[in-house]
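Below is one structure, written out as structure tokens, with a few remarks after it.
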Amino acid sequence: MEYVGFATLPNQVHRKSVKKGFDFTLMVAGESGLGKSTLVNSLFLTDLYKDRKLLNAEERITQTVEITKHTVDIEEKGVKLKLTIVDTPGFGDAVNNTECWKSVADYIDQQFEQYFRDESGLNRKNIQDNRVHCCLYFISPFGHGLRPLDVEFMKALHEKVNIVPILAKADTLTPTEVKKKKFKIREEIQQYGIKIYQFPDCDSDEDEDFKQQDQELKDSIPFAVIGSNTVVEAKGKRVRGRLYPWGIVEVENSAHCDFVKLRNMLVRTHMQDLKDVTRETHYENYRAHCIQSMTRMVVKERNRNKLTRESGTDFPIPVIPSTTDTETEKLIREKDEEVQRRHSEHEPEHEHSHDEHSDRPLEPHSDLGLDPGPEPEAS
């Protein structure tokens, strides 16, 4: 078979994609003090929170959940990535955390709504995709598994976004405790019917190393992580980690934590899949719901118009209020009584004048202004 040339199509797509650049929106959620900001900075080697103002304990009491966005353009080997980090300061910090996840859910829906409007508009060339592709949910290492707030948050959002659970501050736990906690959290996620992000199954033609790596990622859920932006010296090498009196915890050492696995999953192996699941599952569900609601409204309006036409009226049928207006009724009653009274007063006069007219003999039409004409001559 002769060479035609369509085998270069992947190269064409690659060139076009690299030229256009990529975007990714990552949400981080969890209570304050679990190392969310540190982890994000560690993952992307940036300082996104340099202008952040730290609140004291008194200010945190009155603080409500707010949504903040940080956008940064990263370039690596000619590939551009527009990274947006959506943070949720104030989440889980109040004394009463009832429905504190609502503003987070509303934000995700607003991004879907904006995309749906842009997609349905006339100019669809440069649509900005601000949909949340992944949510890293930080679980406290100080509890026994999931707390009620964790369960409620994940159940409220699992149909809207890809949730990846994170066991925060893993350096506060021993390796045995990490293993027990992971098992307990996985068990509770299944028990409460929470749908976290599911890694796609490997294709049969994938090599064994990739299959093993994929299985290790699945077994690592929730990822036990440690974040650090400081460089320390260990065994003559400079590494990112935390220095303790009893030793050094290395962030990028797989024996110490799952930081490398999380970064590989998030950036190197599953970033595109997270975007695909957002587009094909979560956004499609939202879009289908919107279209169904719009269709129902149109059908309802058509049926109402049909009823209006059949009743022979061109105006919409007014809604009769359930409560009676006593003032209006009183006025109508008074007017009715007045009309009846006047009618009864005029009735005797009308009868009297009618009798007078009936007794009077018929006269010529002179009163009508008609000439009776000359009298006929006698023959």
>> Within the structure provided, determine whether C134 and V161 are in side-chain contact (heavy-atom separation under 4.5 Å).
In response: no
> Do side-chain atoms of T281 reach the backbone of T278 as a donor and acceptor pair under 3.5 angstrom?
Replying inline: no
> Is R242 salt-bridged to E250, going by a charged N under 4.0 Å from an acidic O?
Replying inline: no
> Thinking salt bridges, do E301 and R304 make one under a 4.0 Å N-O criterion?
Replying inline: yes
> Would E252 and R240 satisfy salt bridge (charged side-chain N to carboxylate O under 4.0 Å, His left out), going step by step from the backbone distance to the final call?
Replying inline: CA-CA 7 Å; E252 295 182 20; R240 276 193 304 146; 2.6 Å; yes
> If you look at every heavy atom in R186 and D219, which pair is closest and at what distance?
Replying inline: NH1-O, 3.0 Å
> Run the side-chain hydrogen bond (donor to acceptor under 3.5 Å, both in side chains) check on N162 and H282 step by step: do they pass?
Replying inline: CA-CA 8 Å; N162 299 310; H282 301 304; 3.2 Å; yes
>> If I compare all heavy atoms of G78 with all of V18, which pair ends up nearest, and what's the gap?
In response: O-CG1, 3.7 Å
> Side chains of L81 and M271: closer than 4.5 Å at any heavy-atom pair?
Replying inline: yes
>> On a heavy-atom basis, which atom in C257 and which in I226 lie closest, and how many Å separate them?
In response: CB-CD1, 3.7 Å
> What are the two closest non-hydrogen atoms of A224 and V178, and how far apart are they?
Replying inline: CB-CG1, 3.9 Å
>> Using side-chain heavy atoms (C-beta onward) and a distance below 4.5 Å, is P165 in contact with L146?
In response: no
>> Assess whether a salt bridge exists between K182 and D258, defined as any Lys/Arg side-chain N lying under 4.0 Å from an Asp/Glu carboxylate O.
In response: yes
> Should D109 and K160 be marked as a salt bridge (charged side-chain N to carboxylate O under 4.0 Å, His left out) after you check the CA-CA gap, both sets of side-chain angles, and the distance that decides it?
Replying inline: CA-CA 8 Å; D109 282 340; K160 301 173 187 285; 3.0 Å; yes
>> Between K195 and M154, is there a side-chain heavy-atom distance shorter than 4.5 Å?
In response: no
> Roughly how far apart are E31 CD and I139 CD1, rounded to 0.5 Å?
Replying inline: 11.0 Å
> So does Q190 have more than 12 non-hydrogen atoms from other groups sitting under 6.0 Å from CD?
Replying inline: no
> Parallel, tilted or perpendicular for F223 and F199, by the 30°/60° rule?
Replying inline: perpendicular
>> Less than 4.5 Å apart, side chain to side chain, heavy atoms only: is that true for D150 and E188?
In response: no
>> Atom CZ of residue position R117 - does it have more than 12 heavy atoms of other residues, nucleotides or ligands inside 6.0 Å?
In response: no
> Under 3.5 Å, is there a donor-acceptor pair between the D106 and Q110 side chains?
Replying inline: no
> How many angstroms lie between atom CE of M265 and atom CG of D273, to the nearest 0.5 angstrom?
Replying inline: 10.0 Å
> Roughly how far, to the nearest 0.5 Å, is the OG1 atom of T295 from the NZ atom of K300?
Replying inline: 14.0 Å
>> Name the residue from L43, V40, L136 that meets the side chain to side chain contact (heavy atoms under 4.5 Å, CB included) definition with I85.
In response: V40
> Which atom names give the shortest non-hydrogen contact between K82 and D73, and what distance separates them?
Replying inline: CG-OD1, 3.5 Å
> Which word best sums up how the rings of H270 and Y197 line up, parallel for under 30°, tilted for 30 to 60°, or perpendicular for over 60°?
Replying inline: perpendicular
> Would the number of heavy atoms belonging to other residues, nucleotides or ligands and lying under 6.0 Å from CD of E75 be above 12?
Replying inline: yes
> Taking atom types as modelled, is there a side-chain donor on D129 or Y115 under 3.5 Å from an acceptor on the other?
Replying inline: no
> Between the side chains of T230 and S228, is a donor N or O closer than 3.5 angstrom to an acceptor N or O?
Replying inline: yes
>> I need the minimum non-hydrogen distance between V251 and G227, along with the two atoms involved.
In response: CG2-C, 4.1 Å
> Quick one: does T88's side chain get under 4.5 Å of W101's, heavy atoms only?
Replying inline: no
> Considering only heavy atoms from C-beta outward, does the side chain of L217 approach that of L262 to under 4.5 Å?
Replying inline: no
>> Counting C-beta onward and ignoring hydrogens, is there a side-chain heavy-atom pair between L83 and T71 closer than 4.5 Å?
In response: no
> Checking R131 against Y283: charged group under 6.0 Å from the ring centre and within 45 degrees of the axis?
Replying inline: yes
> Are there more than 12 heavy atoms of other residues, nucleotides or ligands under 6.0 Å from atom CD of Q128?
Replying inline: no
>> Please determine whether side-chain hydrogen bond (donor to acceptor under 3.5 Å, both in side chains) holds for the pair T84 and D23, giving the CA-CA distance in whole Å, both sets of side-chain angles, and the decisive distance to 0.1 Å.
In response: CA-CA 8 Å; T84 305; D23 48 52; over 6 Å; no
> Do other residues, nucleotides or ligands put more than 12 heavy atoms under 6.0 Å from the NZ atom of K218?
Replying inline: yes
>> Donor-acceptor check, side chain of H256 to backbone of V249, threshold 3.5 angstrom: yes or no?
In response: no
